[in-house]
Amino acid sequence: MEQYNHKKIEEKWQKQWEKDNAFRSYNDTDKKKFYALIEFPYPSGDGLHVGHIRSNTAMDIIARKRRREGYNVLYPIGWDAFGLPTENFAIKTGRPPQEITKKNTDTFRRQLKALGFSFDWTREINTTDPSYYKWTQWIFLKLFENDLAYKKKMPINWCLDCKTGLANEEVVDEVCERCGGEVEIREKEQWLLKITKYAERLYDDLGKVDYIESVKTGQRNWIGKSEGAQIEFKIIGRELESSVNIFTTRPDTLFGATYLVLAPEYPEILSYQSHISNWGEVEAYIKEAKSKKDIERTAESREKSGVALKGVSAINPANKEEIPIFVADYVLAHYGTGAIMAVPAHDARDYIFAQKYNLPIKVVIDPREYFFLKDVPDDSLTGSKLAKIDKEENFGEAVKKNKKRLRDLILNGKCCYTGEGHLVSSGEFIGMTSEEAKEKITKKVGGKMKTTFKLRDWIFSRQRYWGEPIPIIHCEKCGMVPVPEKELPVLLPEVKQYKPTDTGESPLSAIDEWVNVACPQCSGEAKRETDTMPNWAGSSWYYLRYTDPHNADVLAGKEARNYWLPVDWYNGGMEHTTLHLLYSRFWHKFLYDISVVPHDEPYAKRTAHGMILAPDGSKMSKSKGNVINPDEVVERLGADTLRVYEMFMGQFNESVRWQTDNIAGSRRFLEKVWRIFEKTSEGAWLSAELERKLHQTIKKAGEDIEQMRFNTAVSALMILANAFEKEKEVPLSAYKTLLALLAPFAPHIAEELWERCDEKVSVHGEPWPSYDEEKTKEDELTIAVQINGKVRGEITVPPDAGEEEIKKQALSLPATLKWTEGKTPANVIYVPGRLVSIVV
RNA sequence: GCCGGAGUGGUGGAAUUGGUAUACAUGUACGACUCAAAAUCGUAUGGCGCAAGCCUUGUGGGUUCAAGUCCCACCUCCGGCACCA
């Protein structure tokens, strides 16, 4: 037989599959369905990354397995093509983004096809295609109609390089997530989507989806649900009677609130102006705080600063004491109500502030048995030392003494205790536990229990060219008027200049003939909205379009979406936890509310792949020049080798280093499978041992694929191939089983050898091999013999040997006699099928 | 600071969830084949020791007949969040 020629084989079968439309899925409602999804790539100019291949191969394996298990499988592909890199490239070269996108998607398509993924190419979509973004705009109109899209003047993060506003999620470490450019705060009119209205559902419904835990906790932390109380404090001054609502998670400490703090942006401050005697000072502080970025405010080693509002004060509703009011930038305007009650004895930040400004510290919680302490600024007892005092049995007298001393410190207000406990100095609530007191105190002072979220509304407008135009028309008479549905899509006009402007206006605003339109309502003079949508828009619903990608009348036909949704298994990167994944859950829930989709969650199951790092362990990046080019690997070693290597290289959900040396192993494995074909014979005898190995491999490979343990699945196939190689003759049927198992990993070589085995129909249509549990079992058990916990020997027994018999054998083993030195064993433990443990 | 995840041979990694640690691969050494090389095949390969044996899963304790796996404390690395009241 000739040598394994990957090039010839891969080209041959790719052509054949294309011709046969082998992986096309039909909206066949009689068959059980399986929807497998990977994040559709952004077609960057750099071409496909080896990281894409990891995720795609994994889902490809699962999709192929499901097809062979009888499912109607949808495994689609498309392009998330709007976005800044393309636009920036357009500015640099003067070529239209449409043209650049076309070129890049052509490259990606060629590369993906060369890897033999079983995508249904007839469903290919592109977010920049007007027939696609028509529906992105349609969803926006629905959001607008339902009062979930609004425009607001607000300070936003402005990227100086990209010259556009960014969503909060897009600012990472003070810089723009995309370009790494500097971000400044600008006051601008922006479109926002009310994702906060869905915060609770986005949070709670994580309970009913099968996502990996890290994604769930990532989203939970980002949404940041916290339960507490909203309590009203009266504000008094000369000729002033007002009030401020504060939010707290610790209403049980209300009696310890010794001052009030307002955020610098707190709007009501202005109305107190005439009552504040030191207004000049206050105003200056506010002005300075506002000019600082969030990050600056939190940096500066958490130094607290603030200014007292002289002339006004608040009344603590619990004990009616008059307490001072401060404005301080450690309170954030956008969280809670923008105002807090400060309880220095039981909040670390308040404690530091109170010490600095000499404010009273009033202890209201006695820790008693609770000793989880943190952030304690007492020199003698730092946080980490205190953390040790949590389990009495682990520590001796010294700690017990310390604990007592510590409680004294806390009760005397000498250090700050943030945990819960029993109430002291709290009127009628003395002696209650924190938990009990929370609701009771809130009720007593007329407050209400409230849930607050960290999540903020989604800043949805970008002042750039290469995005979906927001389909709104501004009319002086009628206000904001949605573009009528029948006029969708609002097409991106052709422009000469893609360059964004420093003034913060989209490049679209320069095109008068596009901007000036008649108002759809009054036909008067009006102007189009010139902001575009962020690149997250198109990707928020693309899985839905795949179900019926060519539908011109609706975003997807009802039958198609009811049949295919939800996505059964979605694999992607961890970097999208709080971006795409959260956004699309939000849109989906909205679409569910307006009865477009049949379920309220888009993805039933979400898994994540680890990153592929450069050989030195750093991130692959073009600037470092350590990017692995898949084309070159495919050319030299073949797509099958690359696929097998990427599955074998390490645990799928963890990041792994690319090691060029190790690819050879995957190639050698395929060559071995190729060579074994020569040894196959129809009449060859299948030994019991080989048969057992075969069944064990079918079992292991199948189970491992389901759990995305692809590395051990490949290893199992290697072990089987090694066993075959040792044989003189390999039964053809056994060899074909190996090919059937290998097919999802290395589809080309498996198909070629399958054909050489005289099969007429594709291996990819072959039912998934099944195994017989009985046949996976060894016919002899090796039982280890331990003496005092150390393995000293082993015995071989038939699988049906009784416990007594095995113990007897173990005890009479020469090694046993040697190590027990004739002493009578105190205990003999038998672990079925594993070992005998003898204790002397 | 908080929340995730990880730490096992020269290297990537296995280990049926408490039961013979180092599967599979890679690298290295030696051997076979060869005029030679490549490829392939075979043998060896955690450490110490001539050996019997002892030690070994980041460190230190603990539970257990038995710990990579469970408990406690600590160290290091990666990722996310971070004045969120």
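Just so it is clear: chains get the letters A, B, ... in the order the sequence lines come, proteins before strands, and each one is counted from 1.
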Taking pairing as Watson-Crick or G-U wobble with both contacts under 3.5 Å, can you name the mate of [N], or confirm there isn't one?
| N | answer |
| --- | --- |
| B:rA36 | none |
| B:rU57 | none |
| B:rU28 | B:rA44 |
| B:rU69 | none |
| B:rU64 | none |
| B:rA51 | none |
| B:rG4 | B:rC78 |

[M] and [N], which share atom name [atom1], separated by this distance in whole Å:
| N | M | atom1 | result |
| --- | --- | --- | --- |
| B:rC33 | B:rU69 | P | 49 Å |
| B:rC54 | B:rG58 | P | 22 Å |
| B:rA38 | B:rC70 | P | 47 Å |
| B:rG49 | B:rU43 | C1' | 23 Å |
| B:rU22 | B:rG10 | P | 16 Å |
| B:rG12 | B:rU28 | C1' | 16 Å |
| B:rC2 | B:rG68 | C1' | 28 Å |
| B:rG79 | B:rU45 | P | 38 Å |

Students often mix this up, so state it plainly: with edges at 30° and 60°, are the rings of [X] and [Y] parallel, tilted or perpendicular?
| X | Y | result |
| --- | --- | --- |
| A:F247 | A:Y335 | perpendicular |
| A:F652 | A:F710 | perpendicular |
| A:Y417 | A:H346 | perpendicular |
| A:H576 | A:H580 | perpendicular |

Side chain of [X] only, heavy atoms from C-beta on: which candidate in [options] is closest?
| X | options | value |
| --- | --- | --- |
| A:W222 | B:rA14, B:rC81, B:rA21 | B:rC81 |
| A:T248 | B:rG12, B:rC3, B:rA85 | B:rA85 |
| A:R668 | B:rC3, B:rG27, B:rG5 | B:rG27 |
| A:E794 | B:rC41, B:rU20, B:rA85 | B:rU20 |
| A:E725 | B:rA14, B:rC41, B:rA25 | B:rC41 |
| A:I719 | B:rA85, B:rA25, B:rA23 | B:rA23 |
| A:N662 | B:rA15, B:rG12, B:rC3 | B:rG12 |
| A:A784 | B:rC55, B:rU20, B:rA85 | B:rU20 |
| A:V791 | B:rA85, B:rA21, B:rA25 | B:rA21 |
| A:Q659 | B:rU26, B:rA85, B:rU11 | B:rU11 |

For [X] and [N], what is the distance between atoms [atom1] and [atom2] respectively, to the nearest whole Å?
| X | N | atom1 | atom2 | value |
| --- | --- | --- | --- | --- |
| A:R709 | B:rG13 | CZ | P | 15 Å |
| A:I783 | B:rA66 | CD1 | P | 20 Å |
| A:Q696 | B:rA23 | CD | P | 17 Å |
| A:L720 | B:rA25 | CG | P | 12 Å |
| A:I352 | B:rC83 | CD1 | C1' | 9 Å |
| A:F652 | B:rG5 | CZ | P | 18 Å |
| A:Q786 | B:rA67 | CD | C1' | 11 Å |
| A:F648 | B:rG12 | CZ | P | 13 Å |

Identify whether any heavy atom of [X] sits under 4.0 Å from a base atom; if not, whether one sits that close to sugar-phosphate; answer base, sugar-phosphate or nothing.
| X | result |
| --- | --- |
| A:V656 | sugar-phosphate |
| A:E213 | nothing |
| A:R792 | sugar-phosphate |

First encountered from the 5' end of RNA chain B, between A:S226 and A:S666
A:S666
Residue whose nearest RNA chain B nucleotide is more 5′ - A:I829 or A:T337
A:I829
When you measure from the side-chain N and O atoms of [X] to the phosphate of [N], is any distance below 4.0 Å, counting only OP1 and OP2?
| X | N | result |
| --- | --- | --- |
| A:K790 | B:rC55 | yes |
| A:R675 | B:rC41 | yes |
| A:Q651 | B:rA6 | no |
| A:T578 | B:rG80 | no |
| A:N711 | B:rA14 | yes |
| A:N722 | B:rA25 | yes |

Using 0.5 Å steps for rounding, measure from the CD atom of A:E654 to the NE2 atom of A:H609.
13.5 Å
Can you find a heavy atom in the side chain of A:L581 that is under 4.5 Å from one in the side chain of A:V215?
yes
So does A:K454 reach the base of B:rC81 with its side chain, donor to acceptor, closer than 3.5 Å?
no
Any N or O donor-acceptor pair under 3.5 Å from the base of B:rC65 to the side chain of A:S837?
yes
Ignoring hydrogens and angles, state whether a donor on the side chain of A:Q219 or A:R585 is under 3.5 Å from an acceptor on the partner side chain.
yes
Syn or anti for B:rG9? Use the chi torsion, O4'-C1'-N9-C4 for purines and O4'-C1'-N1-C2 for pyrimidines, with syn inside 90° of 0.
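Classified syn.
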Stepwise side-chain hydrogen bond (donor to acceptor under 3.5 Å, both in side chains) check, A:T607 with A:N571
CA-CA 5 Å; A:T607 53; A:N571 186 73; 2.8 Å; yes
Could you tell me whether A:K304 sits above the aromatic face of A:Y330, with NZ or CZ closer than 6.0 angstrom to the six-membered ring centre and within 45 degrees of the axis?
yes
With a 6.0 Å cut-off on the ring centroids, do A:W674 and A:F669 count as close?
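For A:W674 and A:F669, the ring centres are not under 6.0 Å apart.
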